[in-house]
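First listed ligand is number 1; within each ligand, the first listed atom is number 1. Both backbone and side-chain heavy atoms feed into the values below; hydrogens, waters and symmetry mates do not.
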Amino acid sequence: MKPATPHPDRAKLYADMSPANLTPLWEVLHALVPPQPQSPCQPALWKYEEIRPFLMRAGEAITAQEAIRRVLILENPALRGQSCITQSLYAGLQLILPGEVAPSHRHTQSALRFIVEGSGAFTSVDGEKTTMQPGDFIITPKWAFHDHGHEGQGPMVWLDGLDIPTIRFFDAGFAENGDVASQAIEKPEGASYAAFGHNMAPLRRSLPYGNTSPIFSYPYERTRQALSDLERFEAMDAWDGFKLRYINPLTGGSPMPTMQTFMQRLPLGFKGLPYRQTDGAVFSVVEGAGRAVIESHHGSYAFDFSPRDHFVIPSWHTARFESTDGCVLFSYSDRSIQQALGIHREERLPS
Ligand code: GTQ
């Protein structure tokens, strides 16, 4: 809200105290403590067919080795220059080409990879390799060394979701490069999943990654099966369709402390009811097509999406989904932080 022109005596007070780095609360109180969230973020859609050519051009412009991470950042149109898709979350599309290496490093930011296109690339976390397939959700825990490589054919693209703006907000970011570009592989692929991925856990193993899930990869095959089973056995939710959250199997909580991830199935002919949530969410379309209708103080948006498209629904924007032929949507948000702070709110509207 724009403050009214101050009273002359007050204006003099403000001017006189400004050099002492003082400013009156009463001029900004409304904006500081708003009656409800007024996110500066805007709903936005990135159609894959429109942005893929830029990714491929990036592949010609720079190598993965030179770029360290060859990524095109999905910037919220209302927050250009801030490298973020919501105030707390970062999103980017990373390209790796056959034979390339994105060299080993680690940072206090947590990362998720959601695989969009291609096969044969892998990410290594702490000496364990994970091959990536479209639809897989893969975790890079905070402060774990990771590098990416590609031994297959054709370009490989995935969505990077990181808590970069959150860590920046806390001024708590650290990073360092590994000694070698590609880590030595010390564990067989699938070792983490074998130990922790079957609703069981080894008896005397300490938690390898603290409050981050010990499973690096949540393969799409299993996620899709879970959604299919849900669709057969459970009643549909009128707002979400069939929606599951990914869990850290050791806690039942979020796979990462700063980001919660979800996968949802909207069945054939779905016409969802509207809802709003305080966690702005980033979506990656896996299968099928549909429409997201979003309304807020920014206006009305109707996003027609198909596979590999990405879109963002900011905090406290009313959204609903439709799908004629059915679809599957991956999403992530900062809900885990908001729940830890006890501030998460959701409103499910009747129509
Ligand atoms: O793969 O480690 O999109 O450090 C941004 C920062 C990816 C990564 C990003 C990163 C990475």
Side-chain angles (χ1 to χ4, degrees), residues 46 48 51-52 54-55 58-59 61-76 79-97 100-118 120-132 136-150 155-183 209 212-213 216-217 255-259 261 282-284 308 310 312 330 332-334:
W46 290 264
Y48 195 64
I51 60 175
R52 192 180 184 278
F54 296 119
L55 268 170
I62 192 164
T63 63
Q65 188 92 28
E66 197 183 350
I68 310 296
R69 297 293 183 263
R70 191 205 283 117
V71 178
L72 301 186
I73 302 174
L74 306 182
E75 274 198 328
N76 193 288
L79 303 172
R80 293 305 309 270
Q82 297 180 43
S83 305
C84 58
I85 190 159
T86 70
Q87 300 243 77
S88 61
L89 297 172
Y90 162 102
L93 289 173
Q94 180 158 177
L95 168 70
I96 191 159
L97 295 169
E100 287 191 322
V101 171
S104 178
H105 70 184
R106 65 176 174 176
H107 36 72
T108 43
Q109 290 82 1
S110 296
L112 69 87
R113 327 281 170 194
F114 187 72
I115 315 311
V116 170
E117 176 185 342
F122 63 86
T123 188
S124 298
V125 172
D126 275 349
E128 182 177 336
K129 216 172 183 177
T130 295
T131 304
M132 305 193 266
D136 292 355
F137 156 51
I138 285 163
I139 292 177
T140 309
K142 58 186 147 61
W143 209 240
F145 277 111
H146 55 283
D147 54 80
H148 316 301
H150 191 355
M156 180 99 192
V157 177
W158 63 80
L159 171 69
D160 280 329
L162 286 90
D163 53 11
I164 287 173
T166 300
I167 304 305
R168 182 170 63 194
F169 174 76
F170 288 115
D171 284 333
F174 293 86
E176 61 186 34
N177 292 324
D179 296 334
V180 288
S182 302
Q183 304 172 48
Y209 294 101
T212 299
S213 172
F216 301 133
S217 172
M256 283 164 290
T258 47
M259 293 183 285
T261 47
V282 181
F283 288 78
S284 182
R308 301 170 177 172
H310 294 85
V312 56
F330 172 83
Y332 69 99
S333 78
D334 62 11

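Side-chain atoms of Arg69 come within 3.5 Å of backbone N or O of Pro103 as a donor-acceptor pair. A distance-only check finds no donor-acceptor pair linking the side chain of Ser104 to the backbone of Asp147 [under 3.5 Å]. Remark: the backbone N or O of Ser110 is paired with a side-chain donor or acceptor of Asp163 at under 3.5 angstrom. At distances below 3.5 Å, at least one donor-acceptor pair connects side-chain atoms of Glu75 with backbone N or O atoms of Gly81.
In terms of protein heavy-atom proximity, atom 7 (C) of ligand 1 is nearest to Asp160 OD2, 3.2 Å. Among all non-hydrogen protein atoms, the one lying nearest atom 6 (C) of ligand 1 is Leu162 CD2, 4.0 Å. The protein atom (non-hydrogen) at minimum distance from atom 8 (C) of ligand 1 is Arg69 NE, 2.9 Å. In terms of protein heavy-atom proximity, atom 5 (C) of ligand 1 is closest to Tyr90 OH, 3.5 Å.
In the model, Glu117 has a side-chain atom that pairs as donor or acceptor with a side-chain atom of Tyr48 under 3.5 Å.
Residue-level proximity to ligand 1 for Gln94 is carried by the side chain, the only part with a heavy atom below 4.0 angstrom. When heavy-atom distances to ligand 1 are checked against a 4.0 Å cut-off, Arg113 comes that close only through its side chain, counted from C-beta outward.
In the vicinity of His105, heavy-atom distances shorter than 4.0 Å reach the ligand 1 atoms 2 (O), 4 (O), 8 (C). Distances below 4.0 Å separate heavy atoms of His146 from the following atoms of ligand 1: 2 (O), 8 (C). Short contacts between ligand 1 and His107, defined as distances under 4.0 Å to a heavy atom of the residue, involve ligand atoms 2 (O), 4 (O), 10 (C). Counting atoms of ligand 1 from 1 in the listed order, those under 4.0 Å from a heavy atom of Val71 are 3 (O).
The only option from Arg106, Gln183, His105 that meets the side chain to side chain donor-acceptor pair (under 3.5 Å) definition with His146 turns out to be His105.
The aromatic rings of Phe330 and Phe114 lie parallel to each other, with less than 30° between the two planes, well short of the 60° mark.
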